Colleague: 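Below you'll find the structure I mean.
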Amino acid sequence: LVVTPLQLVKVRLQAREHLGRYKNFVDCFTKIAQQEGFTAFFIGFGPTLGRNTVWNGMYFWSASEVKCHFAYWGSTLPPVLWTAITSFGCGIFATIFNAPFDVVKSRIQQQVSGSEAKYRNT
């Protein structure tokens, strides 16, 4: 619930369609609230939830698998280094599965509410 409004503002500031429309983060946030209403901040909530669910699921699943199957390598390295290596690798792995959901989320959030929507949450 906190991430979606921040993601919406970030996507609007980065979108080619909105270049020059907003001065900064606060200006973007204020204009969305005034012109589109409070509910506009939750455009793309479904895809954001799906994206985060996929990323977290893949990350924690791969982390547990790596710790299980490669425990020997982990025992030969300092714990901090082993944690850094596995976290980095699992983060990349999870992002591969997360990327399509992120594209969908961003395309939905680029749209201005009230105009004809090219993309929908469903």
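The analysis underlying the following values was restricted to heavy atoms, covering all of them including side chains, and did not include hydrogens, waters or symmetry mates. Note that this is a predicted model, so its numbers are computed, not measured.
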Colleague: Treating Ile, Leu, Val, Met, Phe, Trp and Tyr as nodes and any side-chain heavy-atom pair under 4.5 angstrom as an edge, say whether Met58 and Leu49 lie in one connected cluster.
Modeller: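 Shared cluster, no.
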Colleague: How close do Thr48 and Gly44 get, counting heavy atoms only, and between which atoms?
Modeller: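 In this case the closest contact between Thr48 and Gly44 is OG1-O, 2.8 Å.
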Colleague: Using side chain to side chain contact (heavy atoms under 4.5 Å, CB included), reason through Glu36 and Ile43 one step at a time and then give a plain yes or no.
Modeller: CA-CA 11 Å; Glu36 300 177 51; Ile43 292 171; 4.3 Å; yes
Colleague: I need the Gln14 CD to Cys28 SG distance, nearest 0.5 Å.
Modeller: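 It is 10.5 Å, given to the nearest 0.5 Å.
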Colleague: Any non-hydrogen side-chain atom of Phe93 less than 4.5 Å from a side-chain atom of Phe88?
Modeller: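 In short, these two side chains do not touch, never coming nearer than 4.5 Å.
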Colleague: Quick check on the hydrophobic clustering: are Leu6 and Phe38 connected, directly or via other members, by side-chain heavy-atom contacts under 4.5 Å?
Modeller: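 Yes, Leu6 and Phe38 fall within the same hydrophobic cluster.
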Colleague: Evaluate Gln7 against Gln109 for side chain to side chain contact (heavy atoms under 4.5 Å, CB included), listing each step before the verdict.
Modeller: CA-CA 8 Å; Gln7 285 283 323; Gln109 289 182 330; 3.9 Å; yes
Colleague: Measure across Phe29 and Val9 and return the closest heavy-atom pair with its distance rounded to 0.1 Å.
Modeller: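 Residues Phe29 and Val9, closest heavy atoms: CD1-CG2, 3.8 Å.
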Colleague: Nearest 0.5 Å, please: how far is OG in Ser62 from NE2 in His69?
Modeller: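 One finds 11.5 Å between NE2 of His69 and OG of Ser62.
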Colleague: If two hydrophobic side chains count as joined below 4.5 Å and joins carry through other members, does Ile32 share a cluster with Val11?
Modeller: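 Not linked; separate clusters.
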Colleague: Can Leu8 be reached from Val103 by stepping across I, L, V, M, F, W or Y side chains whose heavy atoms are under 4.5 Å apart?
Modeller: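 Not linked; separate clusters.
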Colleague: For Tyr22, I'd like to know if atom OH has over 12 heavy atoms of other residues, nucleotides or ligands within 6.0 Å.
Modeller: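 Enclosed.
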Colleague: Would you kindly confirm whether Phe41 and Val104 end up in one hydrophobic cluster when ILVMFWY residues are joined by side chain heavy atoms under 4.5 Å apart?
Modeller: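 In one cluster with Phe41: Val104, yes.
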Colleague: Can you name the nearest heavy-atom pair linking Asn24 to Leu13, along with the distance?
Modeller: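 Taking Asn24 first and Leu13 second, the nearest heavy atoms are O-CD2, 3.9 Å.
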Colleague: Measure across Phe97 and Val54 and return the closest heavy-atom pair with its distance rounded to 0.1 Å.
Modeller: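 Closest approach of Phe97 to Val54: O-CG1, 3.7 Å.
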Colleague: Any pair with a residue in residues 85-104 that passes side-chain hydrogen bond (donor to acceptor under 3.5 Å, both in side chains), sequence neighbours left out, goes on the list, sorted by first then second residue, please.
Modeller: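 As it turns out, the side-chain hydrogen bond (donor to acceptor under 3.5 Å, both in side chains) pairs with a partner in residues 85-104, which skip direct neighbours, are Arg51-Asp102, Trp55-Thr95, Tyr59-Ser87.
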Colleague: Can you tell me how far apart CD1 (Ile108) and CZ (Phe45) are? Round to the nearest 0.5 Å.
Modeller: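 Result: 13.0 Å between the selected atoms.
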